[in-house]
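If you're wondering where the values come from, they're calculated on a predicted model, not measured in any experiment. Throughout, numbering of the chain's residues begins at 1 and tracks the sequence.
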Amino acid sequence: MPEGLLESLARREVPPVPADLNKRVHQRLNRALLAAHLVDLVLGVVPCLAAEFVRALGYFLKVSLTGRFESRRGDGSREAP
């Protein structure tokens with residue numbers, strides 16, 4: 001009768017754990033985490049930062065060219081410093 005998979009695996013010898021296993025695991029994990037952080041930075045933070053900078057620069061140019069400061073308040077007054 002043919003023997004089962006588990007019986008054949010039970011007779012095999014288990015190789016020893018490599019000495020530098022922890023170091024290799026940490027190196028692979030660190031590379032993966034660094035790649036994830038860089039992707040998040042490039043695809044998430046940089047576009048938001050650029051959009052806010054362009055919005056502020058546009059408002060600065062609008063105020064500089066028109067000479068008029070528009071407040072978000074309904075009465076047009078400025079906030080006290």
Task: Non-neighbouring partners of Leu5 that pass side-chain contact (heavy atoms from CB on, under 4.5 Å), sequence neighbours left out - done: Ser8, Leu9
TODO: Using the test side chain to side chain donor-acceptor pair (under 3.5 Å), find all partners of Arg12 that sit at least two apart in sequence or belong to another chain.
DONE: none
Task: Residues clustered with Leu49, ILVMFWY side-chain links under 4.5 angstrom - done: none
- [ ] Name all residues meeting the side chain to side chain donor-acceptor pair (under 3.5 Å) criterion together with Glu7; count only those two or more places apart in sequence or in a different chain, and write none if there are none.
- [x] none
Would you be so kind as to tabulate the donor-acceptor pairs closer than 3.5 Å made by side chains of residues 18-44, with sequence neighbours excluded?
{"from": "Asn30", "atom 1": "ND2", "to": "His26", "atom 2": "O", "distance (Å)": "3.2"}

Task: Contacts of Glu52 that satisfy salt bridge (charged side-chain N to carboxylate O under 4.0 Å, His left out) - sequence neighbours left out - done: Arg55
Would you mind writing out the side-chain donor-acceptor pairs for residues 60-69 within the sub-3.5 Å range, not counting sequence neighbours?
{"from": "Ser64", "atom 1": "OG", "to": "Phe60", "atom 2": "O", "distance (Å)": "2.9"}
{"from": "Thr66", "atom 1": "OG1", "to": "Lys62", "atom 2": "O", "distance (Å)": "2.7"}
{"from": "Thr66", "atom 1": "OG1", "to": "Arg68", "atom 2": "N", "distance (Å)": "3.3"}

